[in-house]
Amino acid sequence: MKNHKLLFGFIFFFMAILQQFEVIYINSKSVFGMTLGSLLVSISTCYSDDFILKTPGSRKQVRIGKLLRRVIYSVGFSIIIIFTYINENDTLSHLMDKLDENTLLLLAMSVTFISMNVGGAKDKDI
């Protein structure tokens, strides 16, 4: 997972430069999708391998944290990609009206910094 995070970081940074110089246009629907997806990706970093589910009578262990991280991470990136290509419809407009993109952006930023703190605290424990 770590190798492509840096690549996505550079891609979004390059997109920001292209948007600033008006080479590309990112509409509010795409910004909403990117913010919502980024929020989910940030939340996924809070989960680790620490949650282990042991089934009774079996030697098998299920690492819930790792599974949860991958599912939320995949859903987040899927939302980023899907919202870029999805057409306007009533359900999407209703969702965008209910979830203010500025509030969603602030929430995504706060979760990002909190998850960085959680990750830093986990690294110090090791």
Side-chain angles (χ1 to χ4, degrees):
M1 248 192 248
K2 291 185 179 185
N3 293 335
H4 70 278
K5 289 180 185 177
L6 186 61
L7 177 65
F8 280 123
F10 283 128
I11 288 171
F12 287 127
F13 182 74
F14 187 65
M15 285 175 63
I17 292 171
L18 292 176
Q19 170 70 24
Q20 180 63 32
F21 291 110
E22 298 177 356
V23 175
I24 61 173
Y25 174 71
I26 301 173
N27 59 15
S28 62
K29 173 183 54 88
S30 297
V31 170
F32 179 79
M34 287 182 203
T35 305
L36 185 62
S38 298
L39 176 63
L40 290 174
V41 168
S42 295
I43 289 172
S44 74
T45 60
C46 293
Y47 294 100
S48 65
D49 294 339
D50 296 334
F51 308 116
I52 298 175
L53 178 66
K54 294 180 183 178
T55 55
S58 176
R59 294 182 186 176
K60 219 175 195 182
Q61 296 180 351
V62 179
R63 297 189 180 273
I64 296 174
K66 191 173 188 176
L67 177 68
L68 224 63
R69 175 190 288 185
R70 288 186 179 180
V71 167
I72 295 173
Y73 194 84
S74 299
V75 169
F77 270 109
S78 298
I79 287 175
I80 290 172
I81 293 168
I82 289 170
F83 268 66
T84 304
Y85 296 106
I86 198 168
N87 291 330
E88 290 285 337
N89 59 35
D90 292 335
T91 307
L92 179 61
S93 298
H94 181 68
L95 182 63
M96 288 176 64
D97 289 340
K98 291 293 181 188
L99 296 172
D100 180 42
E101 59 190 40
N102 294 333
T103 305
L104 198 59
L105 176 63
L106 291 171
L107 184 61
M109 290 173 61
S110 66
V111 169
T112 299
F113 285 107
I114 290 170
S115 64
M116 287 172 29
N117 189 26
V118 169
K122 182 182 173 195
D123 291 341
K124 288 180 185 177
D125 289 341
I126 294 174

Quiz item: Hey, what do you get for CD1 (Ile43) to OG (Ser38), rounding to the nearest 0.5 Å?
Solution: 11.0 Å

Quiz item: So how far is it from Ser78 OG to Phe83 CZ, rounded to the nearest 0.5 Å?
Solution: 11.5 Å

Quiz prompt | Pairwise distance CG(Leu39) to CD1(Ile80) - rounded to 0.5 angstrom | solution = 10.5 Å

Quiz item: Roughly how far, to the nearest 0.5 Å, is the CZ atom of Phe77 from the CD1 atom of Ile82?
Solution: 13.5 Å

Quiz item: Given the rule that I, L, V, M, F, W and Y join up when any side-chain heavy atoms are under 4.5 Å apart, are Ile24 and Phe13 in one cluster?
Solution: yes

Quiz item: Same cluster for Leu36 and Leu106 if Ile/Leu/Val/Met/Phe/Trp/Tyr side chains link at under 4.5 Å?
Solution: no

Self-check item: Closest non-hydrogen atom pair between Ile72 and Leu40, with its separation
Solution: CG2-O, 3.1 Å

Quiz item: So do Met34 and Met15 actually touch side chain to side chain, heavy atoms under 4.5 Å?
Solution: yes

Quiz item: Can the ring centres of Phe14 and Phe10 be said to be less than 6.0 Å apart?
Solution: no

